[in-house]
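In listed order, ligands and their atoms are each counted from 1. Position 1 is the first residue of the sequence, and the numbers go up from there. These figures come from a predicted structure and were not determined experimentally. What you see below is based on every heavy atom in this structure, not just the backbone, and it leaves out hydrogens, waters and symmetry mates.
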Amino acid sequence: MLQDREIAILIEELYKYHGYDFSGYSAASFRRRVERLYTMDGFTDFSDFLSRARSDEDYFKHLVEEITVNVTEMFRDPSFYRTLRTEILPILATKPFIRIWHAGCATGEEVFSVAILLKELNVLHKSLLYATDLNPAVLEIAKKGLFPLRTIQQYAENYRIASGKNDFSDYYIANYGFAKFSDELIDRMVFSQHNLVIDGSFNEFDLILCRNVLIYFDKDFQRIALELFDQSLSKLGYLALGTKETIKFSSIQHRFKQFEKEKIWKKMI
Ligand SMILES: C[S@@+](CC[C@H](N)C(=O)[O-])C[C@H]1O[C@@H](n2cnc3c(N)ncnc32)[C@H](O)[C@@H]1O
């Protein structure tokens, strides 16, 4: 429906006016999402759409929310969390302080899942979980630790498969259709906006999780993000990606050793 030239102009203008670089997002998925938004919001003229995207801040926010894929869940891929619980976190637990970065955290379900594991290993008090995303709207949701009750049954099942130790309901209070997760978990989290292809390194971490984000990037954006993770990981730190993602064939692969299970790599040098 939109021409290639129009998509290219939109990408250029979003960068020029808002500093958001979408040039390295998988073209087909970017086009699909932009066209859906264009139709959903009743545009018939591309220049009207472009002008709203360029100069109306609220519309731009709405556009970012619609273009980025924010689907997530607690204990997504439970076997990954089981490995984290039994093999990775016990090693980190021997350190005086544990720093974790959730890059592309969406609405925070992944961060709360890891905080629960840290609590069950009695190391939450000496851990800090940094959670970042390019989309400020999802961070606002994440900070509250409020998740719809209708999703909790599935999350509790994931938690159980991930070898959860407690009754999942110990971690939240149900109220008005939402599960409010405990402040004890939230107190160890720092949320901030960060763009993986534009912003630099901001700390050194023992574990970086960037799950189901690189899948939307082309090779060049993946390289930028992976080099950023390499720079931001301490020696012997771990990098965890989503099930369909890899560091194979990247510029950083020779510095990492893949863990036998799951998409987890250890930084060796
Ligand atoms: C599908 S969600 C993944 C959430 C979670 N990590 C998980 O696996 O369930 C992808 C997230 O990546 C974020 N994202 C996309 N491009 C990004 C970028 N350049 N920098 C930081 N975050 C980005 C999106 O806003 C979205 O919240």
Q: When you check the gap from the basic side-chain N to the acidic O, do Glu65 and Lys61 get nearer than 4.0 Å?
A: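 Salt bridge absent between Glu65 and Lys61.
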
Q: Ligand 1: which residues have a non-hydrogen atom closer than 4.0 Å?
A: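 Residues within 4.0 Å of ligand 1: Tyr25, Thr68, Val69, Asn70, Val71, Thr72, Arg76, Gly104, Ala106, Glu110, Asp133, Leu134, Asn135, His194, Asn195, Leu196, Arg211, Asn212, Val213, Phe217.
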
Q: What's the shortest heavy-atom distance between Ile161 and Arg82, and which atoms?
A: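 Closest approach of Ile161 to Arg82: O-NH1, 2.6 Å.
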
Q: Any side-chain donor-acceptor pair under 3.5 Å between Thr151 and Glu73?
A: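 On atom types as modelled, these side chains do not qualify, holding no pair under 3.5 Å.
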
Q: Any side-chain hydrogen bond (donor to acceptor under 3.5 Å, both in side chains) involving residues 32-48? Give me the pairs, sequence neighbours left out, ordered by first then second residue.
A: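 Qualifying pairs, neighbours excluded: Arg31-Glu35, Arg36-Glu66, Asp41-Tyr59, Asp41-His62, Asp45-Ser47.
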
Q: Any side-chain hydrogen bond (donor to acceptor under 3.5 Å, both in side chains) involving residues 187-197? Give me the pairs, sequence neighbours left out, ordered by first then second residue.
A: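 For residues 187-197, and leaving out neighbouring residues, the side-chain hydrogen bond (donor to acceptor under 3.5 Å, both in side chains) pairs sorted by first residue read Tyr20-Gln193.
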
Q: The criterion is side chain to side chain contact (heavy atoms under 4.5 Å, CB included); which residues satisfy it with Arg150, sequence neighbours excluded?
A: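 Side chain to side chain contact (heavy atoms under 4.5 Å, CB included) check on Arg150 returns Pro148.
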
